[in-house]
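Here's the structure, in structure tokens; my notes come after.
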Protein chains: 2
Amino acid sequence: MLSKAVENYLKAIFSLSEEGNDNVSTNSIAKKLNTKASSVTDMLRKLTSKSLVNHEKYKGVSLTTKGKKLATNIVRKHRLWETFLVDKLHFNWDEVHDVAEQLEHIKSDKLVTLLDEFLGNPKFDPHGDPIPDEFGKFPTSNSTPLSNLKEGDKGIVMGVSQDNSTFLKFLDKIDIKLGNLILVKDIIEFDSSVEILINNKESHISLEVARNILVKQK
Amino acid sequence: MLSKAVENYLKAIFSLSEEGNDNVSTNSIAKKLNTKASSVTDMLRKLTSKSLVNHEKYKGVSLTTKGKKLATNIVRKHRLWETFLVDKLHFNWDEVHDVAEQLEHIKSDKLVTLLDEFLGNPKFDPHGDPIPDEFGKFPTSNSTPLSNLKEGDKGIVMGVSQDNSTFLKFLDKIDIKLGNLILVKDIIEFDSSVEILINNKESHISLEVARNILVKQK
DNA sequence: CAAATAATTTAGTCTTGCCTAAAAATAAAT
DNA sequence: ATTTATTTTTAGGCAAGACTAAATTATTTG
Ligand SMILES: [Mn+2]
Ligand SMILES: [Mn+2]
Ligand SMILES: [Mn+2]
Ligand SMILES: [Mn+2]
């Protein structure tokens with residue numbers, strides 16, 4: 001039975017290898033988990049001995065098939081619980097991440113299966129992140145960052161690539177939520193910031209924000 | 001923030017002091033938590049330093065007001081989660097205890113409040129155990145062990161005083177579930193075992209079983 | 001009441017997961 | 001190609017929580 005610490009390391013390595021190159025660095029893991037590089041090295045030795053990662057000294061680390069399967073299952077649980085909290089308990093989308101960080105470690109296959117069913121086998125969580133199925137397969141979403149659209153383009157909000165609470169609260173304020181239609185009114189050349197229209201409401205967002213909003217172009 | 005271990009000790013001490021005398025013994029805690037007496041002594045020192053228990057060497061232990069409040073809240077969470085698992089996810093009542101043992105340690109006041117609401121503020125869990133409210137107040141249930149009834153008496157099943165899975169599965173087999181009506185047909189003098197009728201189905205149960213079924217006499 | 005038994009506490013270890021400081025390896029810069 | 005800076009690993013420790021064995025205190029029993 002995997003400890004909570006081991007599960008968090010697997011999840012961190014998984015998400016880091018998604019967003020970048022195959023071999024994840026010790027430092028990047030330490031940063032993601034708010035820990036020290038030396039602690040990471042310690043843990044990598046343990047993960048290696050459990051055949052969950054391949055680690056060559058000084059060369060970074062990658063998940064084994066077994067490690068990837070386990071990591072995916074934790075992501076699945078995290079996103080199912082977030083969906084439960086928002087859809088059933090009516091949490092706001094900026095409040096669920098920390099609670100889901102705890103719930104994802106509950107060990108019961110039956111619980112996951114029944115929860116999934118109870119929620120109607122959702123494909124995406126409240127932030128638009130894909131929920132892998134019981135075999136670890138992720139649904140695909142043909143969405144692109146809002147920052148890729150041109151002036152005059154329209155897009156439907158499909159998700160966000162940050163679950164930071166301040167970011168999400170800001171989106172709430174300017175009416176950005178999943179399913180809403182965004183019109184790109186203007187792109188300011190100077191700093192690539194974007195003027196948008198949602199529900200007849202104009203807003204001005206930075207490039208950084210636009211990069212973290214995922215839309216399906218219409 | 002309390003560790004899982006601390007919470008489990010508090011809960012154990014709470015339940016032991018409910019069912020017996022005020023001062024709980026080291027050995028009884030060790031037995032309940034499947035650990036060794038020496039480990040219990042270690043932990044009692046820690047709990048004492050946190051003002052969660054009063055412990056006089058060799059004289060047993062009791063919860064402080066603070067300790068009792070925290071223990072009650074864990075019981076509350078355990079029973080709310082059991083209710084969720086049975087009512088919403090359709091677990092059987094013999095399958096929920098171990099999962100609830102994990103879920104009870106999730107830390108989020110908002111989660112508890114919203115879960116309670118989502119479940120319709122239940123007063124009793126799937127085993128008939130009372131669920132304390134947010135202030136720690138337990139609802140009262142005027143139920144009595146089935147073993148207290150006389151021949152010819154009738155009673156409605158209000159709960160059980162065991163969440164052991166084999167015991168609950170046995171009850172399933174003879175149609176004993178919350179709300180069902182039991183008629184006491186005969187009490188065998190020799191061993192005080194009981195012949196009962198439920199849903200026109202006759203069963204013969206031991207005194208030990210009868211003691212663990214709680215009914216409201218009709 | 002003394003002797004035997006049972007319960008509890010203490011002493012000394014172990015594992016997990018984390019830390020700091022120092023050493024070693026790799027990457028970047030002159 | 002050295003020197004410098006960065007990254008990673010090692011060495012040594014700490015706290016929580018558990019264990020075994022031994023010592024101490026309480027309780028029974030003859
Ligand atoms: Mn999240
Ligand atoms: Mn999410
Ligand atoms: Mn239970
Ligand atoms: Mn229960």
Side-chain angles (χ1 to χ4, degrees), chain A residues 1-14 16-17 19-63 67 70-71 74 101-102 104-105 107, chain B residues 1-14 16-17 19-63 67 70-71 74 101-102 104-105 107:
Chain A
M1 181 129 305
L2 301 185
S3 71
K4 199 180 290 195
V6 166
E7 293 191 338
N8 283 333
Y9 272 92
L10 291 179
K11 196 163 59 110
I13 297 168
F14 178 80
L16 287 167
S17 45
E19 63 190 53
N21 52 344
D22 241 20
N23 268 39
V24 174
S25 76
T26 301
N27 261 353
S28 64
I29 298 171
K31 197 167 291 177
K32 175 148 269 196
L33 294 179
N34 278 310
T35 184
K36 296 295 148 87
S38 56
S39 307
V40 174
T41 305
D42 278 355
M43 180 58 92
L44 291 184
R45 197 174 303 108
K46 291 170 199 161
L47 295 180
T48 302
S49 82
K50 289 187 196 320
S51 305
L52 298 171
V53 300
N54 294 119
H55 181 221
E56 265 191 284
K57 269 193 193 176
Y58 295 98
K59 299 256 173 99
V61 69
S62 64
L63 292 173
L70 289 164
I74 301 161
E101 284 291 309
Q102 299 177 62
E104 72 191 7
H105 301 292
K107 268 125 184 138
Chain B
M1 181 129 305
L2 301 186
S3 71
K4 200 180 288 195
V6 166
E7 293 192 336
N8 282 333
Y9 273 93
L10 291 179
K11 195 163 60 112
I13 297 168
F14 178 79
L16 287 167
S17 44
E19 63 190 51
N21 52 346
D22 242 21
N23 268 41
V24 174
S25 74
T26 301
N27 261 352
S28 63
I29 299 172
K31 197 169 291 176
K32 175 149 268 195
L33 294 179
N34 278 310
T35 184
K36 295 296 149 82
S38 56
S39 308
V40 174
T41 304
D42 278 356
M43 181 57 92
L44 291 185
R45 196 174 302 109
K46 291 170 199 159
L47 295 180
T48 302
S49 82
K50 289 187 197 318
S51 303
L52 298 171
V53 301
N54 295 119
H55 181 223
E56 265 190 284
K57 267 194 194 172
Y58 295 100
K59 298 258 173 98
V61 70
S62 64
L63 293 172
L70 289 164
I74 300 162
E101 285 292 309
Q102 299 178 62
E104 72 190 6
H105 301 292
K107 267 120 183 143

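A note on names: the letters A, B, ... follow the listed sequences, proteins ahead of strands, and every chain is numbered from 1. A quick note: this is a predicted structure, and the numbers were derived from the prediction, not measured.
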What is the distance, to the nearest angstrom, from the NE2 atom on His105(A) to the C1' atom on dT16(C)? 16 Å

What parts of residues 22-33 of chain A reach DNA chain D, counting only heavy atoms under 4.0 Å away? Ser25(A), Thr26(A), Asn27(A)

With a cut-off of less than 4.0 Å, is there a side-chain N or O of His55(B) near OP1 or OP2 of dT8(C)? no

Quick one: list whatever passes side-chain contact (heavy atoms from CB on, under 4.5 Å) with Ser51(A), sequence neighbours left out. none

Quick one: list whatever passes side-chain hydrogen bond (donor to acceptor under 3.5 Å, both in side chains) with Gln102(A), sequence neighbours left out. none

Let me know the distance between CZ of Arg45(A) and P of dT15(C), rounded to the nearest Å. 15 Å

Partners meeting side-chain hydrogen bond (donor to acceptor under 3.5 Å, both in side chains) with Lys32(A) (sequence neighbours left out): Ser15(A)

Looking at residues at least two apart in the chain, or sitting in another chain, which of them share a salt bridge (charged side-chain N to carboxylate O under 4.0 Å, His left out) with Lys107(A)? Glu7(A)

Write down the distance between CE (Met1(A)) and P (dT16(C)), rounded to a whole number of angstrom. 16 Å

Below 4.5 Å, heavy atoms only, C-beta onward: do Val24(A) and Val53(A) meet side chain to side chain? no

In B/S/- notation, 5' to 3', how is nucleotides 23-29 of chain C contacted by protein heavy atoms closer than 4.0 Å? -BSS---

Considering only residues two or more places apart or on different chains, which pairs with a residue in residues 46-56 of chain B satisfy salt bridge (charged side-chain N to carboxylate O under 4.0 Å, His left out)? none

Generate the contact string for nucleotides 13-21 of chain D. Rules: B means base contact, S means sugar-phosphate contact only, - means no protein heavy atom under 4.0 Å. ---SBBBBB

Compile the donor-acceptor pairs under 3.5 Å between side chains in residues 33-44 of chain B and protein atoms, sequence neighbours left out, one pair per line.
unit_1   : atom_1 : unit_2   : atom_2 : d
Thr41(B) : OG1    : Ala37(B) : O      : 3.2

Could you check Val61(B), Leu63(B), Val6(B) and say which one makes a side chain to side chain contact (heavy atoms under 4.5 Å, CB included) with Leu47(B)? Val6(B)

Qualifying residues under salt bridge (charged side-chain N to carboxylate O under 4.0 Å, His left out), relative to Lys4(B), sequence neighbours excluded: none

Ser25(A) meets the side-chain contact (heavy atoms from CB on, under 4.5 Å) criterion, sequence neighbours left out, with Asn27(A), Ser28(A)

Which residues pass the side-chain contact (heavy atoms from CB on, under 4.5 Å) test with Asn23(B), sequence neighbours left out? Ser62(B)

Round to the nearest Å and state the distance from Leu44(A) atom CG to dG17(C) atom P. 13 Å

